[in-house]
**Student:** 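Please read through the structure below; I'll follow up with questions.
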Amino acid sequence: MRKRVSVESAAEAYLELLAARGIEYFLGNAGTDFAPIIEAYARREAQGQALPRPLTVPHETPAVAMAHGYAMVTGRPLAVMVHVIVGAANAVGGIINAARAQVPMLFTAGRNPLTEGALPGARNRQIHWAQESFDQGAMVREFVKWDYEARMPSQLETLVDRALAIATSEPAGPVYLTLPREVLAERMEQVEYFERPRLAADAATVPEPAAVERAAAALVAARNPIVIVKASGRDPGAVAPLVALAEALGMPVFDFYPTHLNFPQGHPLHAGFDPAPHLDEADLVLAVEADAPWFPRLRAPRPEARVIQIAHDPLFTRYPYRGFAVDLGLAGTPRLTLAALAEAVARAAPDPAVVAERRARWTDEHHRTRGAWAAAVARVRADAPLDMAWVSRCVADLVDDHTLVVNEYDLDRTAAPFDAPGTYFGAPPPAGLGWGLGAALGAKLAAPERTVICCVGDGAYIFGAPTAAHWTARAHGLPVLFVVFNNRGWNAVKRAVRFHAPEGWAARTGVMPMSELDPPPDYELVARSCGAHAERVEDPEALPAALARALRAVREDKQQALVNVVCKKS
Ligand SMILES: Cc1ncc(C[n+]2csc(CCOP(=O)(O)OP(=O)(O)O)c2C)c(N)n1
């Protein structure tokens, strides 16, 4: 059915359409291009039309990361709008993260006024010449699934519906719509649109049965099949079928740089986080949503080992260069592919004695590695400055199945087990720093009833535009617990130097310019300036109680909290 709503401008029609399509929030980082949008919001609010709720986020890095965090928890996109080319430039890192993480997002920017004459919205500020670019979409075109510049108000319904359908069709990702000020400012009396969008996202897909049968036969015939997984837990519904498949074969599952909870860590077939020592024995590798399932330069499966890849896009077609074998690519919705494969394996009836023997062997390995990890934590638990393994263990003690954990780097999953689907979110594959703070705020926006803990390195914290993030947490009532793993430097960079030249000057002298963050800011003061409960911890024994106090502030007082944990340098 068509619906007619009275409006005064195209900007108002646009907001009406977003609300009609279920967009709950409009995250904005405004500039002069927003004038018609803000005017339209004022009218909508005067008329009691609250949606989509406008939220100011005073830096683009947390704004885009918030939209990312919201979508990673709900599967639904938000609208983010930034200021013309300069705001878009600040947002690009977050768009790259969302693209590679396959997270849907309606990313929009104002477009500098196009005209110099008398049209409503035309240029009237000195910036309006310098802020125009030849092709505004070009800045992010490589990392969005679609981009377009609205030309006239009559396009708006199709543009909104097309943008959302493309963003949410798998592989999901951001889309980019630019909105010139003259278009937004155009007078309208009413907007008419279909109550339900006529442009739906693609349905889920599953590979052809014959290919699934071939994969099942290969798995059943293999002596040492292993799974390497990174991101299939993006869909929490994909965890149970992966468990079913692993159990049907007694097959181990390795999380390799996991971005999600893909497989319960307490399951005896969870084989840890490093498949490299086992690649030599594997005669079949099943890579599941794994863009880089091993590092060929270090260790690769034997050439004769068969490689089956399951993913929405097993060839990762948006990656320019990627040579991992795909002997059989099962493209489609991993949840459905894994379920179909588990059923096909059950029908193929693998030898129960073989499955039992494999399961017993990998269960032993599971217990051995857990024992080693626990011993590693025990060895460092009294170290000061604190060891990150101990910090991870203490954070893990706070986590229950209703807690969401966002981790930009330093939480160590060998010391912090996760079992519940949809509870863990690691940094996106391209690791554009500054994602964590905003992603945690977006997760809280998506799930206000759940506790959200955000673990960040001190480097990641600074990249996250912390004053903007803490301002946002307070202004919009998003009490998150932030834990800063403060090693006063960039471990990742130092590790790269040591790997590059293990016996080199930097390794021998310990001098590594451009990787130190000394002297460290008092991060607790940054958070406190925005009303947070904030503490610094230097004593390992004091950490559990400090974290408990911070969690109480978050849960009971609905106050954001930050614990600045002074950790060892590497
Ligand atoms: C936007 C951006 N700039 C630079 C980098 C390179 N980089 C990768 S990890 C890292 C340091 C992260 O520091 P921190 O969060 O403190 O974690 P740590 O490495 O110390 O464990 C840097 C600078 C990046 N990934 N993204």
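These numbers come from the heavy atoms of this one structure, side chains and all, not from hydrogens, waters or symmetry mates. In listed order, ligands and their atoms are each counted from 1.
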**Student:** Just by distance, with hydrogens left out, do Glu449 and His402 show a side-chain donor and acceptor under 3.5 Å apart?
**Tutor:**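 Note: Glu449 and His402 side chains miss the donor-acceptor criterion.
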**Student:** Would you call Arg318 and Glu142 a salt bridge, taking side-chain N to carboxylate O under 4.0 Å as the test?
**Tutor:**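 Salt bridge between Arg318 and Glu142, a charged N being under 4.0 Å from a carboxylate O: no.
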**Student:** Could you tell me the residue and atom name of the protein heavy atom closest to atom 20 (O) of ligand 1, and the distance to it rounded to 0.1 Å?
**Tutor:**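 Here the closest protein heavy atom is Asn491 N, 2.8 Å.
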**Student:** Which of the atoms of ligand 1 are close to Ala492, meaning less than 4.0 Å from one of its heavy atoms?
**Tutor:**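 Once the distances to Ala492 are compared, the set is 9 (S), 19 (O).
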**Student:** Where is the nearest protein heavy atom to atom 13 (O) of ligand 1: which residue, which atom, and how far?
**Tutor:**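 The protein heavy atom lying closest is Trp490 CD1, 3.4 Å.
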**Student:** If you have a sec, work out which protein heavy atom is nearest atom 14 (P) of ligand 1 and how many Å separate them, to one decimal?
**Tutor:**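 Answer for atom 14 (P) of ligand 1: Gly459 N, 3.5 Å.
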**Student:** For Gly457, counting its heavy atoms only, list the atoms of ligand 1 lying under 4.0 Å from any of them.
**Tutor:**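 Taking each heavy atom of Gly457 in turn, ligand 1 has 14 (P), 15 (O), 16 (O) under 4.0 Å.
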**Student:** Among all protein heavy atoms, pick the one closest to atom 21 (O) of ligand 1 and tell me residue, atom and distance.
**Tutor:**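 Scanning the protein heavy atoms, the shortest distance from atom 21 (O) of ligand 1 goes to Asp410 OD1, 2.6 Å.
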**Student:** Taking atom types as modelled and ignoring hydrogens, do the side chains of Arg555 and Thr451 form a donor-acceptor contact shorter than 3.5 angstrom?
**Tutor:**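 A donor-acceptor contact under 3.5 Å links the two side chains.
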**Student:** Which one of His270, His366, Arg413 satisfies the side chain to side chain donor-acceptor pair (under 3.5 Å) criterion with Gln265?
**Tutor:**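 Single side chain to side chain donor-acceptor pair (under 3.5 Å) partner of Gln265 among His270, His366, Arg413: Arg413.
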**Student:** When you look for heavy atoms under 4.0 Å from ligand 1, do you find them on the side chain of Val456, its backbone, both, or neither?
**Tutor:**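 Near ligand 1, Val456 shows nothing, with every heavy atom at 4.0 Å or more.
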**Student:** Check whether any heavy atom of Gly489 sits under 4.0 Å from an atom of ligand 1.
**Tutor:**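 A heavy atom of Gly489 does come that close to ligand 1.
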**Student:** Establish, from distance only, whether the side-chain atoms of Asn486 and Tyr523 form a donor-acceptor pair under 3.5 Å.
**Tutor:**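 Judged by distance alone, the side chains do not pair up.
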**Student:** At a 4.0 Å threshold, what atoms of ligand 1 neighbour a non-hydrogen atom of Ala431?
**Tutor:**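 Close to Ala431: 24 (C), 25 (N), 26 (N).
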**Student:** Look at atom CZ of Arg381 and say whether more than 12 heavy atoms of other residues, nucleotides or ligands are closer to it than 6.0 Å.
**Tutor:**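 Atom CZ in Arg381 is not crowded, with 12 or fewer foreign heavy atoms closer than 6.0 Å.
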**Student:** Considering the heavy atoms of Asp458, write down every atom of ligand 1 situated less than 4.0 Å from one of them.
**Tutor:**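 In order of numbering, the contacting atoms are 16 (O).
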**Student:** For ligand 1, which atoms have a heavy atom of Phe463 less than 4.0 angstrom away?
**Tutor:**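 Answer for ligand 1: 1 (C), 2 (C), 3 (N), 4 (C).
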**Student:** Tell me whether the rings of Phe295 and Phe256 are parallel (<30°), tilted (30 to 60°) or perpendicular (>60°).
**Tutor:**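 Aromatic pair Phe295/Phe256 classed tilted.
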**Student:** Quick one: do Asp291 and Arg100 make a salt bridge, cutoff under 4.0 Å?
**Tutor:**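 Here Asp291 does not pair with Arg100 in a salt bridge, since their nearest N and O are not under 4.0 Å apart.
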**Student:** Going by the side chain to side chain contact (heavy atoms under 4.5 Å, CB included) test, name the single residue among Leu279, Asp255, Val307 that passes it with Ile228.
**Tutor:**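 Testing Ile228 for a side chain to side chain contact (heavy atoms under 4.5 Å, CB included) against Leu279, Asp255, Val307 leaves exactly one candidate, Leu279.
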**Student:** Which atoms of ligand 1 sit under 4.0 Å from any heavy atom of Ala460?
**Tutor:**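 Reading through ligand 1 atom by atom, the close ones are 14 (P), 15 (O).
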**Student:** Can you check whether Gly432 has an N/O within less than 3.5 Å of an N/O in ligand 1?
**Tutor:**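 So ligand 1 has no N or O lying under 3.5 Å from an N or O of Gly432.
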**Student:** Quick test: of every protein heavy atom, which one is nearest to atom 1 (C) of ligand 1, and how far off is it to 0.1 Å?
**Tutor:**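 Checking every protein heavy atom, the shortest distance to atom 1 (C) of ligand 1 gives Leu433 N, 3.5 Å.
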